[in-house]
Amino acid sequence: MRKHKNRRLPKKYILFASLIALVMFAATVTVFYIVLGSYDGLGMRHAVPENSYSTEGFHREKGRIYYEDDTYTSVAGIDVSYYQKDIDWERVKAAGIDFAMIRLGYRGTHSGKLTMDSYFKDNLREAKAAGVDVGVYFFSQAQTTKEAIREARFVLRHIRGKGVTYPVAFDMEPVEGGDRITGLTVSEKTEIADAFCQVIRRNGYTPVIYGNPNWLLENLDLRYLTDYPVWLAHYTDSTDYPYSYVMWQYTQDGRVDGIRGDVDLNLYFVEKE
């Protein structure tokens with residue numbers, strides 16, 4: 001058999017192939033970066049949508065608040081974390097709870113370390129198995145937009161493909177005894193919230209911003225955050241919060257069969273078809 005000598009490709013072909021490989025690698029890195037998310041800075045200011053719910057639409061039944069008008073109805077929910085310990089989710093569902101916002105984790109108020117809620121995985125799995133819709137929230141103590149992006153990525157790594165259908169909530173609030181956010185300006189806190197929510201939204205989830213009226217009105221500039229719904233925390237039978245919100249945490253002293261002790265009760269507004 002005749003032997004053939006190994007032929008070397010001309011240098012110009014080698015350089016061309018190397019260039020193509022470099023371009024493909026750069027494209028892959030770019031796509032990966034976009035998927036994880038970055039922060040583009042605050043956008044334009046907009047008028048904050050006003051609260052459109054009617055006072056007459058709210059009613060209380062067996063210790064829970066519901067809403068009904070020509071446009072909206074509501075569903076009942078709870079939010080839970082490590083503090084509720086073991087939960088019997090079958091009994092929770094049977095007690096009329098339709099959804100749960102489950103704490104995924106938090107950033108340490110002093111250490112700054114990102115930590116999973118030790119009950120998150122069990123709560124997520126068992127709530128879904130019982131037929132309870134799930135969303136998640138993360139307790140932020142980010143001091144910069146870079147830290148907020150890391151928090152959002154941390155959340156995304158733990159919810160992809162896990163059947164999270166309700167919102168992903170950004171929960172930043174002061175902590176008695178000291179925290180990492182007390183010295184931040186309104187502008188800085190607004191940018192941090194925006195950075196977290198941008199990344200969550202770009203990855204296909206619905207971000208919401210959690211807070212009580214004081215936090216929302218005094219610590220954030222909502223004119224830059226109108227792209228994101230609000231999860232209002234206001235412990236009252238009739239809130240006077242003036243702006244739009246999609247979810248209302250109306251008590252921290254609720255009782256639900258299947259949960260030992262108190263639990264936060266919520267309602268979620270659903271637009272009628």
Side-chain angles (χ1 to χ4, degrees), residues 57-68 72-106 115-140 154-171 173 175 200 205-212 229-239 245-271:
F58 292 98
H59 65 278
R60 181 175 282 274
E61 182 179 336
K62 296 181 180 179
R64 297 179 192 168
I65 297 177
Y66 298 89
Y67 186 83
E68 186 84 27
Y72 294 98
T73 186
S74 67
V75 292
I78 56 177
D79 59 274
V80 299
S81 67
Y82 158 85
Y83 297 103
Q84 277 70 45
K85 306 300 182 183
D86 294 317
I87 296 173
D88 187 332
W89 285 100
E90 295 288 346
R91 290 169 60 190
V92 168
K93 176 64 175 178
I97 296 301
D98 299 299
F99 74 93
M101 297 294 290
I102 301 172
R103 187 174 74 164
L104 184 143
Y106 56 93
T115 304
M116 289 287 293
D117 186 297
S118 57
Y119 279 75
F120 171 70
K121 291 181 179 179
D122 288 343
N123 279 333
L124 182 66
R125 182 184 65 255
E126 293 171 14
K128 286 177 52 189
V132 176
D133 292 325
V134 294
V136 303
Y137 71 95
F138 185 85
F139 179 76
S140 173
F154 181 81
V155 170
L156 290 164
R157 284 200 302 271
H158 291 95
I159 64 173
R160 286 194 185 280
K162 299 296 176 61
V164 172
T165 56
Y166 264 62
V168 175
F170 175 78
D171 172 14
E173 51 190 291
V175 177
I200 295 300
Y205 295 91
T206 300
V208 298
I209 295 176
Y210 171 89
N212 62 30
V230 164
W231 175 11
L232 177 66
H234 195 186
Y235 304 146
T236 176
D237 285 345
S238 180
T239 178
Y245 56 98
V246 298
M247 188 156 52
W248 178 20
Q249 182 190 79
Y250 56 88
T251 183
Q252 60 183 344
D253 302 320
R255 291 291 178 137
V256 174
D257 189 33
I259 298 177
R260 293 190 296 272
D262 296 335
V263 64
D264 298 337
L265 296 181
N266 299 265
L267 62 85
Y268 191 88
F269 297 88
V270 180
E271 192 167 359

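All figures in this text were calculated on a predicted structure; none of them were measured in a lab. Just so it is clear, the values below take in all heavy atoms, side chains as well, and ignore hydrogens, waters and symmetry mates.
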Chemist: For Y137, check side-chain hydrogen bond (donor to acceptor under 3.5 Å, both in side chains) against everything at least two apart and list the hits.
Modeler: none
Chemist: Compare every heavy atom of A76 with every heavy atom of G96, then report the nearest pair and how far apart it is.
Modeler: O-CB, 3.7 Å
Chemist: Between V132 and A100, what is the shortest heavy-atom contact and its length?
Modeler: CG1-N, 3.7 Å
Chemist: Return each pair, listed once, that meets side chain to side chain donor-acceptor pair (under 3.5 Å) where at least one residue sits in residues 93-103; pairs must be two or more places apart or across chains.
Modeler: R103-D117
Chemist: Between L156, I159, V208, which is the residue that forms a side chain to side chain contact (heavy atoms under 4.5 Å, CB included) with I200?
Modeler: L156
Chemist: Could you tell me the separation between the CG atom of L267 and the CE atom of M247, rounded to the nearest 0.5 Å?
Modeler: 9.5 Å
Chemist: In Å and rounded to the nearest 0.5 Å, what is the CZ to CE distance from F138 to M116?
Modeler: 9.5 Å
Chemist: Can you sort out the partners of V256 under side chain to side chain contact (heavy atoms under 4.5 Å, CB included), two or more places apart, ordered by chain and number?
Modeler: R64, I78, V92, A95, I97, I259, V263, L265
Chemist: Drop me the distance from E68's CD to T73's OG1, to the nearest 0.5 angstrom.
Modeler: 3.5 Å
Chemist: Measuring from atom CD of Q252 to atom CG of D264, what distance do you get when rounded to the nearest 0.5 angstrom?
Modeler: 6.5 Å
Chemist: When rounded to the nearest 0.5 angstrom, what distance separates CD1 in I65 from OG1 in T239?
Modeler: 9.5 Å
Chemist: Going by the rule salt bridge (charged side-chain N to carboxylate O under 4.0 Å, His left out), which residues pair with D171 if we only count those two or more places apart in sequence or in a different chain?
Modeler: none
Chemist: Could you check whether any side-chain heavy atom of Y268 comes within less than 4.5 Å of a side-chain heavy atom of P167, counting everything from C-beta outward?
Modeler: yes
Chemist: Restricting to salt bridge (charged side-chain N to carboxylate O under 4.0 Å, His left out), what partner residues turn up for R260, sequence neighbours left out?
Modeler: none
Chemist: If you take all heavy atoms of D253 and D262, which pair is closest and at what distance?
Modeler: OD1-OD2, 3.7 Å
Chemist: Can you name the residues that form a ring-ring contact (aromatic ring centres under 6.0 Å, His included) with F58, not counting sequence neighbours?
Modeler: Y67, W248
Chemist: Using salt bridge (charged side-chain N to carboxylate O under 4.0 Å, His left out) as the criterion, list what pairs up with E90, not counting sequence neighbours.
Modeler: none
Chemist: Going by ring-ring contact (aromatic ring centres under 6.0 Å, His included), name the residues that satisfy it together with Y82, two or more places apart in sequence or in a different chain.
Modeler: Y119
Chemist: Holding to side chain to side chain contact (heavy atoms under 4.5 Å, CB included), I want the full list of residues that pass it with R91, two or more places apart in sequence or in another chain.
Modeler: D88, D257
Chemist: Is there a donor-acceptor contact under 3.5 Å from the side chain of E126 to the main chain of N123?
Modeler: no
Chemist: Nearest heavy-atom pair of G135 and V164: which atoms, and what distance?
Modeler: CA-CG1, 4.0 Å
Chemist: Identify, with sequence neighbours excluded, every residue that meets side chain to side chain contact (heavy atoms under 4.5 Å, CB included) alongside T165.
Modeler: D133
Chemist: Taking F99 as the fixed residue, which of F269, W231, W89, Y166 is the one that meets the ring-ring contact (aromatic ring centres under 6.0 Å, His included) rule?
Modeler: Y166
Chemist: Only counting residues at least two apart or in another chain, list the ones meeting ring-ring contact (aromatic ring centres under 6.0 Å, His included) with Y66.
Modeler: H59
Chemist: Is the NZ atom of K85 crowded by more than 12 outside heavy atoms at less than 6.0 Å?
Modeler: yes
Chemist: Looking only at non-hydrogen atoms, find the nearest pair between F139 and E173 and report the distance.
Modeler: CE1-CG, 3.4 Å
Chemist: About how many Å separate OH of Y250 and CZ of R60, when rounded to the nearest 0.5 Å?
Modeler: 6.5 Å
Chemist: Tell me every residue that passes salt bridge (charged side-chain N to carboxylate O under 4.0 Å, His left out) with D122, counting only those two or more places apart in sequence or in another chain.
Modeler: R125
